[in-house]
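Reading through the structure tokens given below for one structure.
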2 protein chains.
Amino acid sequence: MFLFSENCKRLHVIMEVDAMSKTIYDVAKKAGVSIATVSRVLNKKDNVSDETKKRVLNAIKELDYVPNMVASALMTKKMFTLSLLIPDISNPYFSEIARGVEDAANNYNYNVIVCNTDYDLKKEAIYLNLLRQKSVDGFIVSSATYNDENICNFDHKKYPLVLLGREIEGAEENKKIDIIVSNNVCGGYLATEHLIELGHRKIDLILGPKEIKVNQEREKGYRKALQDYEITVDENRIHSGEFKIKSGYSKALEILQKKDRPTAIFAGSDVIAIGVLKAARVLGFKVPGDLSVVGYDNTILAEIADPPLTTINQQMYRMGYLAAEMLIKRLRGAKRPIQRIVFDTELVVRKSSSRPR
Amino acid sequence: MFLFSENCKRLHVIMEVDAMSKTIYDVAKKAGVSIATVSRVLNKKDNVSDETKKRVLNAIKELDYVPNMVASALMTKKMFTLSLLIPDISNPYFSEIARGVEDAANNYNYNVIVCNTDYDLKKEAIYLNLLRQKSVDGFIVSSATYNDENICNFDHKKYPLVLLGREIEGAEENKKIDIIVSNNVCGGYLATEHLIELGHRKIDLILGPKEIKVNQEREKGYRKALQDYEITVDENRIHSGEFKIKSGYSKALEILQKKDRPTAIFAGSDVIAIGVLKAARVLGFKVPGDLSVVGYDNTILAEIADPPLTTINQQMYRMGYLAAEMLIKRLRGAKRPIQRIVFDTELVVRKSSSRPR
DNA sequence: GTGAAAGCGCTAACAA
DNA sequence: TTGTTAGCGCTTTCAC
């Protein structure tokens with residue numbers, strides 16, 4: 001069976017009528033109106049009479065018509081899709097952020113494309129480029145190292161961007177981009193102060209990669225706290241590795257076997273702290289009796305760890321949610337100044353820290 | 001300054017030349033060829049002479065031209081984007097799957113839109129509908145309950161779909177859709193058998209929601225193991241709740257205070273098992289001395305728990321990876337039969353299980 | 001090997 | 001309030 005679909009200038013040879021996707025022309029024809037009117041109804045413009053609107057809505061329902069957003073995006077440049085670039089979605093810290101981003105996006109009828117950059121600038125650049133081709137409306141980026149050239153060279157006018165949890169070097173650059181961070185200096189300070197106030201003097205610090213700015217900031221907080229309490233900073237007590245259990249484990253193993261071993265370790269993330277706990281267990285040190293441990297992030301891991309980790313809370317979900325919300329509001333054309341929002345961090349005391357023996 | 005861009009039928013009023021996105025017309029003009037030729041080069045068709053190809057490539061580079069995939073998708077219907085529907089990305093089980101999906105997708109130059117359905121069929125339906133409008137190429141769905149009407153009524157011809165970790169009721173329905181699952185009956189059996197062989201006879205089962213088929217299957221494995229070892233199944237020992245720490249906690253609290261309390265609990269997920277551990281701690285039961293606990297999934301939580309959880313390993317990452325790969329291969333038009341792939345589960349023995357006192 | 005021209009399914013200016 | 005029509009930036013016949 002062959003049929004002609006009598007769309008204006010379109011001539012379809014159709015095998016099964018239902019197999020073809022319906023277009024705005026089919027709806028227009030069925031409702032006895034022009035495509036412009038159908039478009040008006042679809043986009044909820046008010047200048048359509050109730051009478052015709054009803055007819056169009058009926059036709060849409062009867063034909064099971066689904067509007068094609070790709071076609072409309074060709075004109076409007078809006079795909080109602082955000083992209084989220086993070087190092088690794090399987091990391092609880094980022095999956096919590098992602099959940100916040102997606103919830104906000106969903107709330108405004110946006111979708112989110114998630115990309116894992118693995119802290120790899122090249123991979124990030126490829127994603128950025130591919131997604132621009134797809135006319136994604138905006139970007140939330142959380143994978144930048146402190147001097148991320150991808151971001152510095154990015155055309156923020158054309159592609160709205162919110163930086164999440166990371167800053168770019170240079171105050172001027174920062175003034176051009178919306179940024180959401182948490183107060184890492186404060187977090188580093190709080191963790192260190194907590195240990196000092198418990199009576200610790202030999203406090204080692206195990207951070208994530210140096211290139212990631214949050215680590216520099218947490219270190220700053222650590223130094224500041226020691227200074228404020230008039231404890232000399234021992235450079236040999238400051239270490240860095242990766243945000244991985246293994247990394248925390250091996251560093252701690254090394255540290256804890258030195259003569260002048262610390263009575264406390266402040267880890268730059270919960271994951272690192274988990275590695276420290278493991279090393280302590282292997283070496284027969286009791287936590288917190290022989291060694292106090294403080295983590296960072298307050299992911300679900302901190303609750304579950306043995307013993308439950310004292311840690312610094314970051315508001316991942318809220319940061320993600322706000323990032324998406326800011327981005328969407330900017331996309332909607334609100335003339336708002338560039339913002340830089342700093343989320344508070346706070347100390348969460350659990351069982352992994354106590355006064356030294 | 002006003003300029004005319006001399007694109008064929010297009011007349012642009014341009015303020016800053018560089019501010020406008022370059023189109024295929026600009027490239028064609030600069031290279032002195034037609035847009036058809038540019039298109040051929042972009043799509044790597046072979047029928048272009050090396051000479052002209054070089055000119056076109058040069059023009060592309062000089063203009064910093066970025067092809068518009070939305071426009072091309074209007075013809076080709078390919079957006080090179082998959083969507084992944086899962087209950088909750090912040091759940092480590094699903095974030096591990098998501099990572100596998102995204103890695104495979106990225107490997108084939110696809111992107112993935114992640115959606116959180118919260119086990120809510122209505123929310124799932126809304127996502128499915130919205131994403132169809134966006135011409136997403138295919139779907140990976142992991143949120144279906146066992147009789148998910150959204151999936152049953154889904155037009156798999158038009159929108160390729162892979163079911164991940166869940167099946168649909170009815171063998172016939174299943175034959176129409178690619179499915180990737182792990183062997184939950186086997187997993188349930190292995191966990192139960194492990195406890196039986198340790199000498200346990202009073203083994204309680206705490207599952208997730210009954211509507212989710214995996215729970216029914218794990219229960220089946222549990223029953224089978226008891227029967228094989230000639231232990232009477234006590235219906236009062238089978239419980240169900242949610243896949244949440246709290247749920248496991250409250251159920252275990254209740255169970256452990258009964259007169260005839262179990263010597264072992266098999267939890268339907270690591271998260272539930274974590275709740276059980278917490279309840280045991282609160283009530284002063286030592287794990288594994290007073291109570292053995294076995295989890296399910298082998299997420300990162302199992303490693304980290306106190307004590308580390310004996311659990312059933314599921315290959316989340318590989319399942320996710322394969323799901324995306326299957327979907328993409330189908331999208332590429334390979335005429336392949338509908339597949340149903342079952343991943344093995346295996347017992348991982350850690351510290352939360354031992355013989356009963 | 002290359003170009004002209006007709007759409008893909010919409011939106012939006014302009015007419016009526 | 002409604003319709004006509006010219007694109008949006010590509011792909012894809014069909015000529016040459």
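Quick note on labels: first sequence line is chain A, next is B, and so on, each numbered from 1. What you see is a predicted model, and the numbers here were worked out from it, not measured in a lab.
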Listing, residues 31-41 of chain A side-chain donor-acceptor contacts under 3.5 Å, not counting sequence neighbours, or none:
| unit_1 | atom_1 | unit_2 | atom_2 | d |
| --- | --- | --- | --- | --- |
| Ser34(A) | OG | Ala36(A) | N | 3.4 |
| Ser34(A) | OG | Thr37(A) | N | 3.4 |
| Ser34(A) | OG | Thr37(A) | OG1 | 3.4 |
| Ser39(A) | OG | Asn43(A) | ND2 | 3.3 |

Report task. Go through dC10(C), dG1(C), dC8(D) for me and flag the one nearest to the Leu74(A) side chain. Result -> dC8(D)
Query - Under the ring-ring contact (aromatic ring centres under 6.0 Å, His included) test, residues paired with Phe139(A) that sit two or more places apart - result: Phe154(A)
Query raised in the report: Between dT2(C) and Thr52(B), is there an OP1 or OP2 to side-chain N/O distance shorter than 4.0 Å?
Result: yes
Requested in this report: Classify every nucleotide of nucleotides 11-16 of chain C by which part a protein heavy atom approaches to under 4.0 Å, writing B for the base, S for the sugar-phosphate alone and - for neither, in 5'-to-3' order.
Outcome: BBB---
Report task. Take the protein atom CE of Met79(A) and the nucleotide atom C1' of dC8(D), then report the distance between them rounded to whole Å. Result -> 14 Å
**Report entry** Counterpart residues, side-chain hydrogen bond (donor to acceptor under 3.5 Å, both in side chains), relative to Asn58(A) (two or more places apart)
**Finding:** none
Report task. Check the distance between dT2(D)'s C1' and Glu51(A)'s CD and give it to me in whole angstrom. Result -> 13 Å
Report task. Using the ring-ring contact (aromatic ring centres under 6.0 Å, His included) rule, collect all pairs that involve residues 31-67 of chain B, keeping only residues at least two apart or in two chains. Result -> none
Query raised in the report: So, Ser142(B) side chain and Leu164(B) main chain: donor-acceptor pair closer than 3.5 Å or not?
Result: yes
Query - side-chain N/O Thr37(B) vs dG3(C) OP1/OP2, d < 4.0 Å - result: yes
**Report entry** DNA chain D contacts among residues 55-66 of chain A, heavy-atom distance under 4.0 Å
**Finding:** none
Report task. Please list, chain by chain and in numerical order, all residues satisfying salt bridge (charged side-chain N to carboxylate O under 4.0 Å, His left out) with Asp88(B), sequence neighbours excluded. Result -> Arg99(A)
Report task. Report the residues that fulfil side-chain hydrogen bond (donor to acceptor under 3.5 Å, both in side chains) with Ser95(B), sequence neighbours left out, ordered by chain and then residue number. Result -> none
Query raised in the report: To 10°, what angle do the rotation axes through the five end pairs on each side of the helix from dG1(C)-dC16(D) to dA16(C)-dT1(D) form?
Result: 30°
Report task. Please identify each residue that fulfils side-chain hydrogen bond (donor to acceptor under 3.5 Å, both in side chains) with Ser72(B), with sequence neighbours left out. Result -> none
Query - Residue list, side chain to side chain contact (heavy atoms under 4.5 Å, CB included) with Asn107(A), at least two apart or on another chain - result: Tyr321(A)
**Report entry** Listed once per pair and sorted, the ring-ring contact (aromatic ring centres under 6.0 Å, His included) pairs that draw on residues 66-90 of chain A, sequence neighbours left out
**Finding:** Phe80(A)-Tyr110(A)
